[in-house]
Amino acid sequence: MSYVEVDMERVLSNELSSHAGERVRMAGWMHRIRRLGSGIVFVHLRDRSGICQIVVEAPGVIASLDGLLAESVVEVEGTVVAEAQATGGYEIHEPSFTVLSAVTDALPFPINKPVINAHLDTFLDHAMIGLRAPVKQAVFKLSAAVAHAFRDVLDGKGFTEIATPKIIGSASESGANVFALDYFGKQAYLAQSPQFYKQIMVGVFERVYEVAPVFRAEPHQTVRHLNEYVSMDAEMGFIQDHTTVMTLLTEVIRGILDYIGSHCAQELVLLNVQMPLAPQEFPRIYFPEAQQWIFEHHGEDCRGEPDLAPQHEKWLGEWAKETFQSDFLFVTGYPMVKRPFYTAPNPDDTRYSNSFDLLFRGTELVTGGQRLNRFEDYARALEARGMTQEAVASYLETFRFGMPPHGGFAIGLERFIMQLVNLSNLRDAALFPRDMERIQP
RNA sequence: GGGGUCGUGGUGUAGCUGGUCCAACACGCUGGCCUGUCACGCCGGAGACCACGGGUUCAAAUCCCGUCGAUCCCGCCA
């Protein structure tokens, strides 16, 4: 049995320098066609590696491009020539074209300009095409690199990747609303988090992670919420307390930043990314102390409130940057009343929890903490909240049969990208975002 | 769930204290010119019943009401 070679002797636009003088075969989209007159046409060919320029001078070949609009797909055979005038130093001469797919209609909006001139709503209606724009590609290349680096760092620390179900039978977990669906006549729900399963799997592998979508039926309408987003979850056993998890998270974040710094130079430049300040140890502040600081420095008295408002997080983020030269800030010890039942309390003051949020440039990026690990503690926690054990019976079985002290966290991938790239809307960090109004495309 | 703002050719905007707007500019599309452009340039052209419905007025893109759509903030969450 023989297979056709995947790359079929095709040369990519970023490989021209190693083929100078050769006759090569290329293929891609006509990103831009610049017809300078009867005598010369420049075609910018876009493939997965980038864009290169093809110079067309033969009248017959120029005629073969008549009527083709941007985004037409072509195969090109031509000679690689070193040319100082060309961006990148090389271009294709004496080409011949085979049209694989001709475009004759104008695009909904131009995608070959440095900036995309379309409202978010318009863009999303045509995301199928808009995503081809180099600036948009770069966002999702970065996104892929972040997810890759997340896996890479955790693989290196003995974690095992898992895939937990997104269709689940019971919906009692945290405060977030769930989407109900009909499952062969039974009531089922879309998972709002892999929380239960990743804890259960700590009992199997000690250390696990998952990169997968989660579903939130919250009716929110803001630039930093989606109803479906990618959660990068990790959970590990045999921790001291939540600070062990914070140390792990710090290493993960720094590992991700290192990775994209060394692998995504092109995207970072194109998107004008200011690399985050990420010191060896991220500064941390205890929840009630954060409220006290807000009261003293901004005059707003939120002391006693169970949570921080977005504005508070912004202030704290600015403070961390100025005081500690860090774009990241841990806020620890969120009140127990605001945390789900599986959260471990602070043993020294049980009003507060052994949990944390990580703020990235003043926006909540990660939630994590230590979980309860003894069955008796779960029984008490459920009772205190008026919940029944039956509702979470299979989850609880885990804790009857030996679970180590453990904890973990969940990073919102789109949030990470949004804050990294300084996007004004989380929807710009999702390929096909799902919000209250949008389920198409 | 509560509140604010907006709705003008395919796209992005100007006009919006009513008449001079059968609507202007840029991108895109299109006809012509240009053999080194790379956000090419130059000269033309097509394309909008100014979201929809009603009202005020001699006169409405412009003022009022309603509907729909979009968007942002708060709450909730990552």
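- A donor and an acceptor atom never sit less than 3.5 Å apart when one is taken from the side chain of His220(A) and the other from the base of rC77(B).
- Glu364(A) comes within contact range of the sugar-phosphate backbone alone, with a heavy-atom separation under 4.0 Å but no base atom that close.
- Between Phe196(A) and Tyr395(A), the ring center distance clears the sub-6.0 Å criterion.
- Gln274(A) CD: 12 or fewer foreign heavy atoms inside a 6.0 Å radius.
- Less than 4.0 Å separates RNA chain B from at least one heavy atom of each of the following residues of residues 91-109 of chain A: Glu91(A), His93(A), Ala106(A), Pro108(A), Phe109(A).
- As judged by a 4.0 angstrom heavy-atom cut-off over every strand, Arg438(A) is placed among residues making no nucleic acid contact.
- If you check every strand for non-hydrogen atoms under 4.0 Å, Val214(A) touches nothing.
- In this structure, Ala309(A) reaches the sugar-phosphate backbone alone: every heavy-atom distance under 4.0 Å involves primed, P, OP1 or OP2 atoms, never a base.
- Of the possible polar contacts, none joining the Thr350(A) side chain to the Pro345(A) backbone as a donor-acceptor pair under 3.5 Å is found.
- In this structure, the side chain of Asn373(A) engages the main chain of Met403(A) through a donor-acceptor pair within 3.5 Å.
- Rounded to whole Å, the P atom of rC21(B) lies 16 Å from the corresponding atom of rG15(B).
- Contact annotation for Thr222(A): base contact, defined as any heavy-atom pair under 4.0 Å involving a base atom.
- Residue-level contact check: Ile411(A) touches neither bases nor backbone, having no heavy atom under 4.0 Å from any strand.
- Of the possible polar contacts, none joining the Glu91(A) side chain to the Val81(A) backbone as a donor-acceptor pair under 3.5 Å is found.
- Within 4.0 Å (heavy atoms only), Asp307(A) reaches sugar-phosphate atoms of the nucleic acid but no base atom.
- As judged by a 4.0 angstrom heavy-atom cut-off over every strand, Gln221(A) is placed among the base-contacting residues.
- Across all strands shown, Arg224(A) has heavy atoms under 4.0 Å from base atoms, whether or not it also approaches the sugar-phosphate.
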Original post:
Run the side chain to side chain contact (heavy atoms under 4.5 Å, CB included) check on Asp428(A) and Met418(A) step by step: do they pass?
Top reply: CA-CA 8 Å; Asp428(A) 280 315; Met418(A) 172 175 162; over 6 Å; no
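- Note on Asp435(A): nothing from the nucleic acid sits closer than 4.0 angstrom, heavy atoms only.
- Comparing the C1' positions of rG12(B) and rG18(B) gives an interatomic distance of 27 Å, to the nearest angstrom.
- Among all heavy-atom pairs drawn from Glu228(A) and Pro213(A), the shortest one is OE2-CB, 3.8 Å.
- Within 4.0 Å (heavy atoms only), Val115(A) reaches no atom of the nucleic acid at all.
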